[in-house]
K.L.:
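Before anything else, here's the structure in question.
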Amino acid sequence: MQERTVIHLDIADFAAAIEAGREPSLAGRPLAIALSGSSRARVYDMSEEAYCQGVRKGMPLGQARHRCRDIKILPPRFHAYEQVMKAMFKTICAASPRVESGVRDGHFYLDVSGMSRLAGPGVDMAFRLKKQIEKEFDLSPVWSVASSKLVAKVAARMAKPCGEYIVPPGDESAFLAPLPLYLLPMLNRNQVRKLNRFNLTQVCQARELTREQLSLLFSDQADRFYNALRGTDFEPVEKPDLLQLLSSSSSRVQPNSLSRATSQIQAGSHNRSFFLEQGHVFAEDTNDKSCLEKGLYQVCETLGAKLRQGQYAAVTLNIKLTYSDGKMVQTASAKFDPVSSDLGLFRQGQVVLKKAWQRRVRIQHLQVRARSVRAACLQAGLFDSQKAESRLVMVSRAVDRIREKFGACCVGSGLSLVPDGSS
Amino acid sequence: MIALNTRSCYSFMWGTGLVDDLCRQAKELGYEKIALTDTDNLCGLWPFLDACRHYGITPVIGAEVTDPDTPHRAVCLAKTLQGYHNLSSLISRRHQDKDFCLKTALPSFSFGLTVLTRNPDLLAFWHENSVDLAVNLARHPGSQSSTLYREAQHLGIPLVATPGSFFLKPEHAGVHRMLRAISLNTCQSRLGRTDAAPDSAFLASPQWYQQRFSIQPEAIRNTFAISEKIEFKGPDFGTIMPPLRNPSGIPAPQLLYKKTLKGARKRYGSPLPPKVVQRINYEMDIIREKSFCEYFLVVEDIVKRASRICGRGSGAASIVAYCLGITNVCPIKFNLYFERFLNPDRKDPPDIDVDFAWDERDRILEWVLTEFKGHSAMVSSHILFQPRMAVREVAKVFGLPDAEISRVTKRLPWFWRTDDHENDLLSQIREKPEFRFMEFPEPWPQIMAYARAITGIPRYLSVHPGGVVITPEPIDRYVPVQTAPKGVPLIQWEKDGAETAGLVKIDLLGNRSLAVIRDTIHNLETNGKPFDDFNQLDPEDDYDTQHHVAQGNTMGCFYIESPATRLLQKKTRVGDFEHLVIHSSIIRPAANEFIQEYIKRLHTGEWKPVHPLLEGVLDETYGIMVYQEDVSRVAVRIAGFSHAEGDGLRKIMSKKDKRRLSDYHDRFVAGAGKNNVAQTDIDRLWSMIISFSGYSFCKPHSASYARVSFQAAYLKTHYPAEFMAAVISNQGGFYSAFAYVSEARRSGVKIHNPDVNESQIHWYGMQNKLFVGLSAVRELSLSTAEKIISQRRMQPFKTPHDFFERVRPRENEINNLISCGSMDSLNPDQNRTALLWQYHQWRQTETRKSDKDLFNLPKPPAPQPPDLPGETALQRMRNEFESLGFLCKTHPMELYSHTLQPCSTIKAADLHLYPGKTIRFAGWLITGKVVRTKKGDPMKFLTFEDETGIAETVFFPEPYARLCHMLETGKPYLLKGKVDENWGAFTLTVDQCRQMPTISLKKI
C-alpha cells in the first residue's frame, strides 16, 4: 500500500480568533463565544487567554464567568464563521483535490499523497499553506504532517496553541505510546473515563489489552480502538461536497442599495432547479412586525428581480432567522404555484415568516432561499389560475424597467416606508 | 351614571389599575357608586371594600364570568347576600368544572344576581329561565339594527351603559397592551384584534358617557334603576370557625376544658399546680368569650395525626395549646405573653401555626382536605409583579436576549419595598452601587417605564406555603375556590383577605428538623436503646447539652447551626434555654446592630433602659428590644396604648402599610408626650421600633423553636452518630453531607463505607459508628437501592457475580458502587478494578445469551482478565470522593499535608493561639453568605474546615472583589489573613487566597 501523507491545519479557537481579528481590542484578552440567550448557555469557543484561566468549551457560561471575571462574552456569528470556512476551503482546495473540512471549527485535512513531485514534500506544502492563510485571513493555524488523519490530529494537539509537529512515517506507534489517552480523537470523554477506571491512562497501558479484552469494554468499536492505539488509521480524507463547491464558486456579493443592510445572492444548481438566496441584516435588530415585513419585502424585491431577469420562478421558499442571541431558526414552505412577482413572493414569504417567527427575541438577520425553476419549463395552467400572478409579474416588470432607467430608489412599495428600527 | 362594569388589576393580565387607584379615580370623576367586576374572580373584594370606605363610595359587588370555550361572558352583580353566595359558587364552578358552560350553568345560580351580557344568543335562554337580565352596552351605544338591540327589544330587556373599563386613563392603554403581550408570550406588534382591549377601554367620567349615550339616554337611566335594586354592600360573616366533628355531643367549651385538663395532668402531673389551673382558667375564659373552642379542638384533631409537631408563632404562648399537644413549650415556665396570641380587645382572629415533619406534612394536609372535602381549601398568595420580574418580562416583550436582561435583573433585589419605586425606576437603579458603571441605552428607558407601571400588578394566584381554611358551610359559599396546578383547592383570597373575611387560617408547614429528631429516636430504638422521646426529659436542663450549645457545637441542630448563630453562641458563652430563645430571635438582619450591644451587656451586666418608663419592661433581654411583642409592650408603657392598639402597631409594621403606620406614629408621639417623654427619647424609641420591623419573631415562636433546637442539641451531644445519620438522611440543614461527615468525625464518630450487605437506603448510626446509606451513592437509582435491600433480605450476597445476577445494576451504578467500596466485602482479596472487570464479563455473557444464533454455535469464552495496573491509595480515594462526595476515613485536607509543609499553615483548632497575628490557613470551603455593607458593597462570610475544626472567615469588600471569582464551595484553599478575636470567638480576616492544586498521583 502506498504511504500516505496527510496535512492537518487547525486554527486554534477558530470562532474566538475570527472575533479577535475583527475587533483588535479583543486581542490578548480572555474572550468566550457563547449562545448567551438561554439561561443554560454554554461556552461555544474561547480564546487561549480564557482557556488558561480555566474556561473550557461546553462549560456553563456562569461557571466561565466565575472562573474568569474579566471575560468578554460575544454571541456567535455562525454565518460569518461559515463564510470564512468557505473562503479558506477555496484557498486550500488549490493545493490538493482531497480536502476535508470541519463545520465552523477551522479544521482542515489534506491528503497530499503522491503530490511531492508536483508540489514538493508535504512539510513544505503545509508550511506554504500556513503562510498563505496567515496572509489572506490573518489567522495562524497549527499544522502537522503524518501518515494518517488520526496521527496528524494528535500531533496538532501536541503542538497547540501554536507551532507544528511532524511525525515521520514508521514513528506513529512510538509517538503515541507515552501520550495520555484523552489525546486520541476517537475516544470521547466517557470512553477515556472508562479506561481510567481500570487504571489505564496512557496509550501504552491500553495497548496491553487484546482485541477480545477491548471488545468486552467497547464491543463494536474495539477493532477501531485497537488499531488507533497502535497509530493505524485508514480513514480517508473525504472529498469535498460537490454542491458546496458549486455554491461557493458561484457566489458573489452585491450591496443592497435600499437600506443599510448588506445582502448577497447565492445561486446553486441542483438538477433543473436553482437556488437563489438573499439576506437582509436589520440596521437595528428588531421584533417589530412591520419592520420585519419591510425587510422581507426588500428581500423579495431583490429576489424577484433576479428571477424575472433570468426567466425563473420560485416554487418553494425557505426562511432563516438569526436572533440577537445567536440562535437560528429555519422554516421551509411546501411547494406552491410558481411566482416571480414581488408581491407574490412576499405573500408566500409572509406565510413562511409566520411559521418561522416563534420567539420574541429580536431578529438580526433574515435570509430567504428560493428554489426556482425556469419559467419556460413550466406547464401552463389549465384553468388560468395564474392569471392574478401574471398581472403582478407585469407590474413588477414595469417597475424593473423604471428602476433600470431611473435608479432603484425612484419607485418603491408602501411596504418599504416603515422607518427602520421602530419597535 | 353608575359604573356597573369596571375591572381592576385583579382581572389578571388584562386590567391595569390597582383597586385603590380605581376607587380614587371613580371618586374624582364624580361616581357615587361603582361595581368592581373582575374577570372570573373576587380576589379584589376586600381591597375594594376598604378603598370604597376610604373614598366614600358605595360598593357594588360583582364579577364577570366567562365561558372557557365560547366568547360568552356575563357581568354578575350581587343584589343580596344570597346573590353573593351564588356568585361565589358560580365562579368556583367556572374554575373547577371541566365541562362548565356559562349558558346552562348561570340560571341555577342567578337568584339574587343581576346579570349584564352583550351576547345576543344568551338573552332568550336566560330570559326564559327568569334571570334578572340587562344588556351590557360597554362604552358605546348599540346600533338599533343590531341583533343584540332587536333581541333586547323583543324580550323587553333593558339596555345598560357601562364603562367596560380595563384601565383607568387613556394613557394606560400601552401598559394594558404590555400586559397582554406578556400574558400571550408575544411582542406588542403581534397582538391581534381580540388579544387586547381597545384604546377606549378606560374609565371615563359620567358626563362623557352621558354624551356618548345621548341617543340612548335610557341606557344611562337604567344604571340607576339597576343599582337601586342592589342592597348588598359586602359580606359580613363574622368569625368563621372550623366545624367541630364531635360525635360525643359534649359542647365545645366543655370538651376543650376537659381535654385541656387531661393534657395538663400529663404535662404537669396530678394534682395540678395552682398556677397552672389559674392560667388555664384565665385562657379558657378568653377562648370561650372569643368562641375559639372549636378552633383549638380541630387543630388538636389534626396535630394528633403527626408523629411530632412544633407549634410556632404566637400560639405557643397558650397553655391550652400546650396541654392539647399543639405546642411544646410551657408558657408558665418560660414566661410567655398570652395576650400576644389572644386578648379580649383583639378584633381579628389569631391563627395557630404548626410545623410537621417535612415528609408527613403533605399526608396531613391531604387528610384535612379529604376529611373536610368541600369545606376546606388552601389560602392563596397573590403573586405581584416585583421590579425584577417586571423588568425581565417587559424586556422580553421588547425582544432583548436573556443575557442582556440578566445583566440588569441579577443586580436588582428580589423584592422592593413599595415606597422604593414611587419615583422613576431608572433613576433609582442608576443610584444603586451595583449599576455604577452600567449604561442604559434605548430601549431600556422605555422598559423601565413600563416595568415601573406594572410593578405591583398581580400576575397569578399561587398556593400559600401552608395556610388552610375550614368552614362549616361549603367553602365556595364564602369565597370562590379554584384548583391549584398541584391539584389542591385554593381560595381566591390571600391570608389578609381571608382574615378580614373572618376565615380562621391554620398554618400547616413542613420542617425537616422534626423528621431528624423523629428518625434519630427511631434509630436509637432500632439499636435497642429505648428513648422516651422527651416526655419526661427536659433537654434544656441537661448540662452537657448546655455546654455544647454554649461552645457553638451545634452543626446539624435546628435553627442554631448557621455560622452566625454558632459564632454568637461562642461569643456569649451561654447555653441555657432562656438565652437561646433570645439568640434565636436576635439573629436576623434588622437586629444585627444590637447584637454587639447585647453581648456587651450580657458580659458586663451594665445597662439602663432607654427611658425610666421602660423600667422592668425589657429586663429579660438586657434592655434591648428583641421580640415582636416588645414593640407592643413599649408602646403600651411609653405611649399609653391599649394591648389591642399595641398589637395593631406590631401588625402594621410588619405589613409596612405607610398610611396606617403614620397614624400610629402620630398617636405614639401624642401618647408619649402626655407621659412627659422628651421628644428626643420619643424619636429614639420610634426609630428603634421601626428598625425592628420586618423579620422579627415573637417570643413564643422563638421559645418553641428553641425547644426543638435543644432537643436536636441533646441528641447530637449524646448520640452523635444516630443524630448525624438522621440529619444527612433528611437532607436538611445549612451544610452539605461533606460538612456533616466531617463534623461527625470531629465528634469522634467512625464513618463506615457503604456495604451492599449491610447498608440501608438511609444513613444510620450505632455505637458511635455512622453507616453511610446507599442514598449517598451517586447515580444509584432508588429502585436499584430498593432491589439491593429486598434481595439481601432474602439472602445475603455471596459473590460479585451473585450480586450482578440478582440486582442487575446499570454500568454507572456499578461504577459508583464499586468506587465507594460498597462491594469490597464480596471480594476482599481483589482490587476494585478487578471487580469492575468481573461486571463487564458478566454483562457480556448476558448480552450473548440474548443473541440469536442460526447455527447454535458455541459461544466464545469470555477473555481472561488483563494484568491491570494496581490502584494507588490516592486513586482509590479520588474514586471514593467522586462516588460519594466525601471521604469516609479521612479529611481531604490531610492529603495536602506534604504540599502544605513549606507554607507553615495553622490548623483551625489552633487559630485561637494567634489573636491579632497574620497567619496562613488551608481549608476546605463548606459554605458562605454574601452580605452588603452600608455603602452597598458586597462582602462575604465564608466557612472553611480542615481535619481539626472549622474556621470562620471574613472577606471584606476589597479582597472579596479581588478574590470572589475563584471561590467555589467544595474546593480547598490556602488563605492568608489576620486572626481577629471578638468576645472569645476567633475569625480570620482574609487578605490573600488561592485555590490548592489538584493532588498529583505521584505525590503518594
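Every heavy atom of this structure was used, including side-chain atoms; hydrogens, water molecules and symmetry mates were not. First the proteins, then the strands, lettered A, B, ... as listed; each starts at 1. In this text the structure is predicted, and so the values were computed from the model without any measurement.
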K.L.:
Please determine if Arg962(B) and Glu958(B) form a salt bridge, counting it only when a charged side-chain N lies under 4.0 Å from a carboxylate O.
P.N.:
yes
K.L.:
Top residue by heavy-atom pair count (under 4.5 Å) with chain A, among His840(B), Gln844(B), Gln841(B), Gln188(B)?
P.N.:
His840(B)
K.L.:
If I measure from the heavy atoms of chain A, does Ala181(B) come under 4.5 Å with its side chain, its backbone, both, or neither?
P.N.:
backbone
K.L.:
Of the non-hydrogen atoms in Ile33(A) and Ala15(A), which two are nearest, and what is the gap between them?
P.N.:
CG1-CB, 4.0 Å
K.L.:
Using heavy-atom distances under 4.5 Å, tell me whether Ile405(B) contacts chain A through its side chain, its backbone, both, or neither.
P.N.:
neither
K.L.:
Under 4.0 Å between a Lys/Arg side-chain N and an Asp/Glu carboxylate O for Glu811(B) and Arg843(B)?
P.N.:
yes
K.L.:
Is it the backbone or the side chain of Ser215(A) that comes under 4.5 Å from a heavy atom of chain B, or both, or neither?
P.N.:
both
K.L.:
Could you tell me which portion of Leu209(A) (side chain, backbone, both or neither) has an atom closer than 4.5 angstrom to a non-hydrogen atom of chain B?
P.N.:
side chain
K.L.:
Which bit of Ser406(B) is near chain A, if near means a heavy-atom gap under 4.5 Å: side chain, backbone, both or neither?
P.N.:
neither
K.L.:
Give a yes/no verdict on a cation-pi contact between Arg56(A) and Tyr51(A), requiring under 6.0 Å between NZ or CZ and the six-membered ring centre and an angle within 45° of the axis.
P.N.:
yes
K.L.:
Please identify which of these residues, Asp285(A), Val361(A), Asn287(A), meets the side chain to side chain contact (heavy atoms under 4.5 Å, CB included) condition with Tyr323(A).
P.N.:
Val361(A)
K.L.:
Any side-chain heavy-atom pair from Asp402(B) and Asp325(A) closer than 4.5 angstrom?
P.N.:
no
K.L.:
Is Leu835(B) close to Tyr839(B) at the side-chain level, that is, under 4.5 Å between some pair of heavy atoms?
P.N.:
no
K.L.:
In terms of heavy-atom pairs under 4.5 Å with chain A, which of Pro865(B), Ala961(B), Ala395(B), Ser819(B) leads?
P.N.:
Ala961(B)
K.L.:
Heavy-atom pairs under 4.5 Å with chain A - which of Leu400(B), Val397(B), Asp867(B) has more of them than the others?
P.N.:
Val397(B)
K.L.:
Could you tell me which portion of Gln213(A) (side chain, backbone, both or neither) has an atom closer than 4.5 angstrom to a non-hydrogen atom of chain B?
P.N.:
both
K.L.:
Mind ranking Lys289(A), Gln358(A), Arg197(A) by heavy-atom pairs under 4.5 Å with chain B and telling me who comes out on top?
P.N.:
Arg197(A)
